[in-house]
Amino acid sequence: MAIDRQAYQQIAVELQANGVILVAVSKTKPASDILELYSLGQRDFGENYVQELVDKAAQLPKDIRWHFIGHLQSNKVKYIAPFVHLIHGVDSLKLLKEINKQAAKHNRIIDVLLQVHIAQEETKFGFDAYELQELLQTQSAELQELSGVRVCGLMGMASFSDNTELVRSEFHQLRSLFEQHRSRTADNIQLTILSMGMSGDYKMAIEEGSTLVRIGSLLFGSRN
Ligand SMILES: *Cc1c(COP(=O)(O)O)cnc(C)c1O
């Protein structure tokens, strides 16, 4: 048996008690693993690569809610636009415009999260605090014209570090930005989801106010 059923049940109960959504991150794992978790009731799954997501969605049950959690290139939006449930890693106005365009082609409104750069590592993507403010305030009119996208919240990844105080402060920082911008509502802007926390740090993320965690290796085992 490939997945850790016991871990799943335990985490699912724990998250439910806190009202936190679980996205099971299935990247690199076979469709059979996803089906196994699906049979236990899991419906939200997260993938990082467009081709892999498209392939899996084609062969798995249609009521799965697919979350795209990787770095999305504009030229690949069209492949996931027909069915994606939530795009987590949106990091530019240009990408929002492309999602809007593709959503219109499929007569959909696509839900997205804005990725915020909270970690110390340079390699991670996302808006910094200033750019986020600029998008939601200065460029707000332009954003509101994009009726094919709905900005539902923020997403972030903490530093990959054993320094728990550092990780906690990064989550805290993201939560503060979330609270700070929550009052900026419009037809297509309603920040209700705070996507933060992975296998190694989800408990801390929940303590710091996460409403959605993305957990892979604890459920599916480690990746190569
Ligand atoms: C891979 C990945 C996860 C899951 O990581 P685990 O440590 O296996 O839980 C969560 N979020 C993002 C953005 C990822 O790329």
Side-chain angles (χ1 to χ4, degrees), residues 2-12 14-15 18 20-31 33-34 36-37 40 42-56 64-73 76-77 80 84-92 95 111-127 152-164 166-168 170-171 173-175 178 193-224:
I3 66 152
D4 190 336
R5 290 178 173 237
Q6 220 176 344
Y8 173 69
Q9 308 283 16
Q10 208 173 319
I11 290 169
E14 182 185 3
L15 295 184
N18 287 286
V20 173
I21 298 166
L22 170 62
V23 172
V25 177
S26 46
K27 63 184 176 209
T28 79
K29 299 296 177 181
D33 284 6
I34 296 173
E36 206 178 324
L37 216 50
L40 299 181
Q42 180 65 23
R43 291 294 179 270
D44 291 277
F45 290 89
E47 290 282 341
N48 285 56
Y49 308 101
V50 168
Q51 190 58 51
E52 189 178 347
L53 171 55
V54 169
D55 290 346
K56 286 175 173 171
I64 287 181
R65 294 183 288 268
W66 291 107
H67 296 248
F68 188 80
I69 64 170
H71 181 63
L72 185 57
Q73 290 169 288
K76 301 235 169 115
V77 175
I80 62 171
V84 71
H85 176 68
L86 180 63
I87 301 175
H88 289 232
V90 173
D91 62 356
S92 71
L95 183 56
D111 288 347
V112 304
L113 304 179
L114 303 175
Q115 183 166 359
V116 183
H117 185 277
I118 51 171
Q120 307 220 306
E121 288 115 77
E122 280 297 319
T123 50
K124 289 196 172 122
F125 296 100
F127 295 98
C152 299
L154 305 180
M155 177 266 205
M157 289 169 85
S159 293
F160 185 71
S161 165
D162 291 334
N163 182 343
T164 54
L166 173 68
V167 171
R168 187 181 288 281
E170 290 170 354
F171 285 148
Q173 184 194 336
L174 183 56
R175 166 74 185 277
F178 181 65
I193 300 174
L194 182 55
S195 168
M196 63 182 194
M198 308 175 23
S199 290
D201 54 23
Y202 81 93
K203 284 174 195 280
M204 195 188 280
I206 292 170
E207 286 167 10
E208 295 300 331
S210 170
T211 72
L212 181 157
V213 295
R214 310 173 308 267
I215 296 183
S217 43
L218 274 184
L219 305 173
F220 294 103
S222 57
R223 292 175 297 270
N224 295 327

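Whatever order the structure lists them in is the order used to number ligands and atoms, beginning at 1. Numbering starts at 1 and runs along the sequence shown.
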### Query
Roughly how far apart are H71 NE2 and D91 CG, rounded to 0.5 Å?
5.0 Å
Using a cut-off of under 3.5 Å, which N/O atoms of ligand 1 pair up with protein N/O atoms, and what distance separates each pair?
from: ligand 1; atom 1: 8 (O); to: S217; atom 2: N; distance (Å): 2.8
from: ligand 1; atom 1: 8 (O); to: S217; atom 2: OG; distance (Å): 2.9
from: ligand 1; atom 1: 8 (O); to: R223; atom 2: NH1; distance (Å): 2.8
from: ligand 1; atom 1: 8 (O); to: R223; atom 2: NH2; distance (Å): 3.1
from: ligand 1; atom 1: 9 (O); to: S199; atom 2: N; distance (Å): 3.0
from: ligand 1; atom 1: 9 (O); to: S199; atom 2: OG; distance (Å): 2.5
from: ligand 1; atom 1: 9 (O); to: G216; atom 2: N; distance (Å): 2.8
from: ligand 1; atom 1: 11 (N); to: R214; atom 2: NE; distance (Å): 2.9
from: ligand 1; atom 1: 15 (O); to: K27; atom 2: NZ; distance (Å): 2.7
from: ligand 1; atom 1: 15 (O); to: N48; atom 2: ND2; distance (Å): 2.8

#### Entry: Given R175, R168, K203, Q173, the one that forms side-chain hydrogen bond (donor to acceptor under 3.5 Å, both in side chains) with E208
R168
### Query
Just checking, is any N or O donor in the side chain of E36 or Y8 under 3.5 Å from an acceptor N or O on the other one?
no
## Note on the structure
With sequence neighbours left out, the residues meeting ring pair (Phe, Tyr, Trp, His ring centres under 6.0 Å) with H88 are H67
### Query
Taking only residues two or more places apart in sequence, or in another chain, which ones meet D55 in a side-chain hydrogen bond (donor to acceptor under 3.5 Å, both in side chains)?
Q51
### Query
Looking at residues at least two apart in the chain, or sitting in another chain, which of them share a side-chain contact (heavy atoms from CB on, under 4.5 Å) with R43?
Y38, D63, R65
